[in-house]
Protein chains: 2
Amino acid sequence: MISAKVCSLKKKKILVVGAGFGGVFVAKELARINRDQFDIELINNNNYFVFQPLLPEVAASTIHSSDAVVPLRQLLRNVQIRQAEVMGIDFANKTAIVVQGFRRIPLDVPYDELVIALGMSVDLKRFPGLPEHALTMKNLSDAHRLRTHVISCLEMADVATDADLKQQLLTFVVVGAGFSGVETVAEVNELIHRALRYYPNIKHEEIKVYLIEYAPRILPTFPADLAAYATKRLELHGVEVLTGIGTKSATSTAIELSDDSIIPTRTIVATIGNGPNPLVETLGLDMHWGRIKTDRFMRVPGHDGVWAIGDAAEIPLVEQPAEDPAHYAPPTAQFAVREGRQLAHNILAKAKGEGLKPFAYTSKGSLASLGMSKAVAEVYGVKLSGTLAWLLWRGFYLSFLPGFASKVRVLVNWLMNLMMPPNIVLIQSSLPSTRYIHYRKGDKVLEPGMLIDGFYTVVKGELKLTIDNPETGEHFEKVFGPGEHFGERVLLKSALRTGLVVALEDSTVLWISQRDFTRLTRAFPYLEEYFKDYIDRTFGGPDRAFAPGSAERPPELESLR
Amino acid sequence: MISAKVCSLKKKKILVVGAGFGGVFVAKELARINRDQFDIELINNNNYFVFQPLLPEVAASTIHSSDAVVPLRQLLRNVQIRQAEVMGIDFANKTAIVVQGFRRIPLDVPYDELVIALGMSVDLKRFPGLPEHALTMKNLSDAHRLRTHVISCLEMADVATDADLKQQLLTFVVVGAGFSGVETVAEVNELIHRALRYYPNIKHEEIKVYLIEYAPRILPTFPADLAAYATKRLELHGVEVLTGIGTKSATSTAIELSDDSIIPTRTIVATIGNGPNPLVETLGLDMHWGRIKTDRFMRVPGHDGVWAIGDAAEIPLVEQPAEDPAHYAPPTAQFAVREGRQLAHNILAKAKGEGLKPFAYTSKGSLASLGMSKAVAEVYGVKLSGTLAWLLWRGFYLSFLPGFASKVRVLVNWLMNLMMPPNIVLIQSSLPSTRYIHYRKGDKVLEPGMLIDGFYTVVKGELKLTIDNPETGEHFEKVFGPGEHFGERVLLKSALRTGLVVALEDSTVLWISQRDFTRLTRAFPYLEEYFKDYIDRTFGGPDRAFAPGSAERPPELESLR
């Protein structure tokens with residue numbers, strides 16, 4: 001790190017971690033106001049800036065995923081961009097510890113001034129099953145995943161033979177009715193109904209879309225009459241809006257609400273549950289409501305040269321703030337942009353030995369799209385709703401989107417979308433190799449005749465396997481508890497499921513894909529022996545045919561898997 | 001299946017499997033010429049048709065991934081689309097066995113006439129290491145993966161501190177110089193050089209791009225002078241064209257050629273190695289050169305109501321074909337389209353009891369893009385090269401692309417690309433949880449100080465672990481052979497690597513990601529015990545600190561992983 005130290009004698013090194021609205025705008029403004037005095041570096045785990053307000057449109061196929069983001073290297077021309085993970089910050093030695101590149105050897109990046117702009121994370125731990133079964137809407141891959149998931153539900157519902165399964169596949173639940181929740185439910189609902197003309201076996205009335213909000217009404221930051229208008233619009237297009245109802249838990253087949261009602265569904269989108277960024281949590285800084293406490297100048301008290309902005313920071317707006325959210329800058333893009341710009345000037349002032357300015361800003365208003373060319377808006381105290389608000393919404397975000405190329409791209413997307421049929425291309429991403437699955441008591445985990453797909457280890461609860469062979473009258477039963485497992489016998493034989501597995505109580509299993517399980521047992525002789533022995537002990541050998549027909553399948557089954 | 005049988009009394013059921021050029025065009029033509037007499041169903045594992053000629057442009061970010069494909073439901077309005085996997089065909093009972101939807105219970109789909117249009121697969125088994133380490137260019141996700149991979153190589157090279165690693169990251173090898181290979185190397189080379197202005201630490205002369213062809217020249221289906229022009233154009237833009245050289249093997253860090261030379265690289269794209277579709281192979285049909293033998297009417301001999309077209313079929317063009325590829329329809333899109341259209345008429349003729357027409361067609365020419373607004377073309381015997389050929393290439397593919405919406409989308413992409421900077425957004429896909437990695441003798445697998453990433457099981461070969469602690473003088477060595485494993489000690493402790501692992505001979509390991517390994521050992525007590533015991537036996541316990549500094553890392557390392 002000698003070269004970097006020599007360097008820092010000439011120029012102050014300003015290190016920005018996180019490239020949300022706050023991080024990008026502080027770097028941009030710093031580069032604009034003084035590109036010679038500072039070395040500016042921005043570290044982010046992606047090489048692009050996500051324009052969050054457009055994520056619901058990505059989920060709805062209205063715009064291409066890569067058009068809702070801007071490459072940081074194109075956006076910030078005089079800023080050094082490092083795509084890396086920040087692992088820790090050594091405040092005493094003024095260095096950030098990052099991991100990057102192929103070899104993943106931790107590297108020290110020194111700084112003179114550090115801007116923490118890491119945002120908030122999604123934290124769903126309070127709701128059992130939600131972390132594993134809910135989709136989120138925080139970053140680009142979330143939006144992309146939601147889009148893929150919705151279209152694959154339509155594809156599967158179109159060919160589903162089981163009525164219950166079809167209803168689960170055609171039920172979509174969005175939890176949380178802030179901006180993100182309302183725009184997501186509106187856009188996804190529009191995508192589904194526009195796409196239905198291509199799915200002859202699905203009727204519009206089979207679609208159920210829910211918006212669930214714990215507060216007494218949706219869009220809590222908007223005036224009540226605009227929220228009421230928004231509710232009416234959503235309901236008009238078939239969205240069922242449930243307010244004053246919380247979420248209790250989720251499984252792979254349903255969501256349970258605070259009034260103990262259960263909605264069977266395969267799609268839960270959670271736009272709730274903000275928590276501190278995992279790195280921020282480990283820094284040992286003074287926190288309040290999950291955010292880093294700063295003074296009015298956005299400095300982090302007690303740490304020289306450390307600043308915090310954006311959702312990660314709690315910046316007081318008044319001299320003596322009380323326990324009142326209104327006394328602090330709210331976690332919105334609008335504020336983050338202003339904080340970033342103002343911080344750039346404070347950092348420059350500090351370098352020049354001039355006085356810092358306290359952060360001050362009042363919101364200019366809010367906008368929320370409701371899909372179907374409608375929106376609600378409150379701008380400079382003026383309330384608008386309908387198509388005019390929607391045009392305002394589009395115009396505002398277009399002007400707000402950084403980078404000329406991005407503006408053109410999004411505009412072209414919007415124009416194309418007006419003329420073109422919806423994009424229902426289903427680009428499947430490979431499933432993860434392991435995942436935790438929650439089952440409610442009574443849920444069927446496996447049914448006879450299903451094709452083998454994975455190996456199941458019980459983490460919590462109890463599940464029962466029953467195998468019946470009507471031809472031979474054979475009957476086999478076994479109950480599995482934590483640490484026990486099932487699926488290995490059929491998996492190692494590459495055959496069809498012969499048994500029924502039902503959850504005897506609320507249970508969690510760890511699922512491992514067939515491919516990975518097979519690779520693992522083959523490469524790791526110890527495991528292979530264990531399973532052979534286990535199958536002998538438990539089932540009386542791998543070749544015992546429990547169920548009818550299991551020997552009659554064509555031989556190509558073997559080689560195909 | 002009773003309802004389907006009743007149905008087939010009224011209308012003949014025509015089942016098309018595979019939605020490449022052949023499958024799509026037979027379905028489209030059937031729907032056009034007689035939509036009342038037939039029930040037409042198309043089964044494909046994706047819900048879209050891939051316009052293969054545009055895949056190199058997807059890899060190069062010139063067009064959006066979803067714009068190079070057309071949703072089948074939009075393309076084929078009077079055809080039933082089923083997104084499913086075909087597992088087998090029961091010719092005697094005239095049914096296809098498919099797996100679809102959530103429950104994956106095999107389903108019988110009956111047919112009267114079956115069209116097999118499953119194309120060819122990539123088969124790289126002949127080249128050790130290539131199946132695991134080469135990217136392919138067969139479908140949409142391949143193109144997307146290549147694009148992501150190329151940009152991530154630039155991101156990593158921009159921050160690489162090791163000169164050898166940087167050179168590997170900046171070396172790109174395309175194997176096979178047919179259409180697909182030439183267009184891919186040209187487009188990717190253009191993307192890289194256009195993107196470099198955003199990567200300040202990479203110079204143009206550090207980029208190495210190779211095109212490797214076993215035949216004595218590139219583009220074997222083109223006239224020699226056009227191929228020579230193409231070679232010159234590619235070389236002008238920095239592509240090194242190596243002809244008359246085959247590929248021997250590949251590892252994670254290099255490709256070995258038939259002249260025993262080794263090119264260190266992290267990017268190998270294989271456009272070679274066609275093999276039969278795995279399903280086609282299991283059908284028990286007469287095959288020749290990996291394709292299903294048909295008669296001149298595209299019927300599969302010996303099976304009533306079974307037809308084959310496209311790359312999967314070997315359709316004779318003359319009455320008495322010899323062992324000469326020129327006597328059979330070549331595996332090109334142009335032929336597949338004609339075969340599909342003609343087959344539709346033959347199926348109709350059969351239903352009407354009229355005579356069938358033998359397939360006959362002569363190629364109208366070939367086109368290949370060379371990037372940088374240049375191409376080569378031979379159309380109706382006229383040879384063209386340069387910008388005019390490139391305009392012809394674009395115009396031809398635009399007219400050839402099925403669906404009006406797709407044409408507009410691709411055209412807009414092209415226009416935007418002329419005006420806009422290249423799209424270098426790196427949308428990372430999650431890494432697979434297990435993968436096989438090949439190492440050459442002497443390759444470093446792990447180095448001290450690297451961050452833990454996974455667990456390694458030796459499949460083949462021998463690797464040696466050396467741990468040295470200069471502070472205490474401790475030295476530890478162990479050689480691992482097949483079935484043995486390493487990485488578990490550091491992984492279970494969540495610490496930094498302390499040892500160096502080097503391949504003692506050419507070796508293969510199975511790698512399992514840290515996340516999945518940890519989940520598995522936690523959920524599966526048997527495995528956890530085994531590893532605890534193993535670590536005690538082998539290393540004298542988990543807490544033995546072998547290397548300096550391993551205790552000094554900040555505690556956040558633990559919680560972050």
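Within every chain, numbering begins at 1; the chains are lettered A, B, ... in the order of the sequence lines, protein sequences first and strands thereafter.
- Using a 4.5 Å cut-off between heavy atoms, A:Asn139 makes no contact with chain B at all.
- Aromatic ring pairs are classed by plane angle as parallel below 30°, tilted from 30° to 60° and perpendicular above 60°; the pair B:Phe531 and A:Phe524 is parallel.
- The candidate from A:Met419, A:Arg197, A:Glu484 with the greatest count of non-hydrogen atom pairs under 4.5 Å with chain B is A:Arg197.
- Both the backbone and the side chain of B:Leu426 come within contact range of chain A, each with at least one heavy atom under 4.5 Å from a heavy atom of that chain.
- A 4.5 Å side-chain heavy-atom check between A:Thr434 and B:Arg515 finds at least one atom pair inside the cut-off.
- Heavy-atom distances place the backbone of B:Val458, and not its side chain, under 4.5 Å from chain A.
- Within the 4.5 angstrom heavy-atom criterion, only side-chain atoms of B:Thr161, from C-beta onward, approach chain A.
- If you tally non-hydrogen atom pairs under 4.5 Å between each of B:Leu72, B:Asn423, B:Val70 and chain A, the highest count goes to B:Asn423.
- Shortest non-hydrogen contact noted between B:Arg519 and A:Arg435 is NH1-CA, 3.5 Å.
- Contact check for B:Val412 versus A:Leu415: no side-chain heavy atoms found under the 4.5 Å cut-off.
- Heavy-atom distances place both the backbone and the side chain of B:Ile424 under 4.5 Å from chain A.
- No part of A:Ser513 comes within reach of chain B, as not one of its non-hydrogen atoms sits under 4.5 angstrom from that chain.
- Using a 4.5 Å cut-off between heavy atoms, A:Ala405 touches chain B through backbone and side chain atoms alike.
- Between A:Met420 and B:Gln74 the shortest side-chain heavy-atom distance does not fall below 4.5 Å.
- Nearest heavy-atom pair across A:Pro200 and B:Arg73 is CD-NH1, 4.0 Å.
- Residues B:Ala523 and A:Val459 come closest through the heavy atom pair CB-CG2, 4.2 Å.
- When each of B:Arg266, B:Arg82, B:His485 is scored by its heavy-atom pairs under 4.5 Å with chain A, the top score falls to B:Arg266.
- Among B:Glu155, B:Gln83, B:Gln80, the residue with the largest count of heavy-atom pairs under 4.5 Å with chain A is B:Glu155.
- In this structure, the portion of B:Tyr48 lying under 4.5 Å from any heavy atom of chain A is its side chain and not its backbone.
- Taking all atoms of both residues into account, the shortest heavy-atom contact from B:Val425 to A:Ser66 is CG2-O, 4.3 Å.
- Looking at A:Val159, the atoms closer than 4.5 Å to chain B (heavy atoms on both sides) sit in the backbone and in the side chain alike.
- The greatest number of non-hydrogen atom pairs below 4.5 Å with chain A, out of B:Asp162, B:Ile512, B:Asn201, is found for B:Asp162.
- Of the atoms belonging to B:Tyr199, heavy atoms from both backbone and side chain fall under 4.5 Å from chain A.
- Here OH of A:Tyr530 is found 9.5 Å from CG of B:Leu527. Values are rounded to the nearest 0.5 Å.
- With rounding to the nearest 0.5 angstrom, the CG atom of B:Asn413 is 6.0 Å from the NE2 atom of A:His64.
- Only the side chain of A:Arg77 has a heavy atom closer than 4.5 Å to any heavy atom of chain B.
- Looking only at side-chain heavy atoms (C-beta outward), A:Leu510 and B:Arg522 stay at 4.5 Å or farther from each other.
- Proximity to chain B involves both the backbone and the side chain of A:Leu520, based on heavy atoms less than 4.5 angstrom apart.
- A:Pro448 approaches B:Ile105 most closely through the heavy-atom pair O-CD1, 4.5 Å.
- When each of A:Asn47, A:Thr457, A:Ile151 is checked for heavy-atom pairs under 4.5 Å with chain B, A:Asn47 comes out on top.
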Worked check of side-chain contact (heavy atoms from CB on, under 4.5 Å) between B:Tyr534 and A:Tyr526: CA-CA 12 Å; B:Tyr534 172 83; A:Tyr526 185 76; over 6 Å; no
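- Counting heavy-atom pairs under 4.5 Å between each of A:Val99, A:Val69, A:Asp158, A:Leu140 and chain B puts A:Asp158 at the top.
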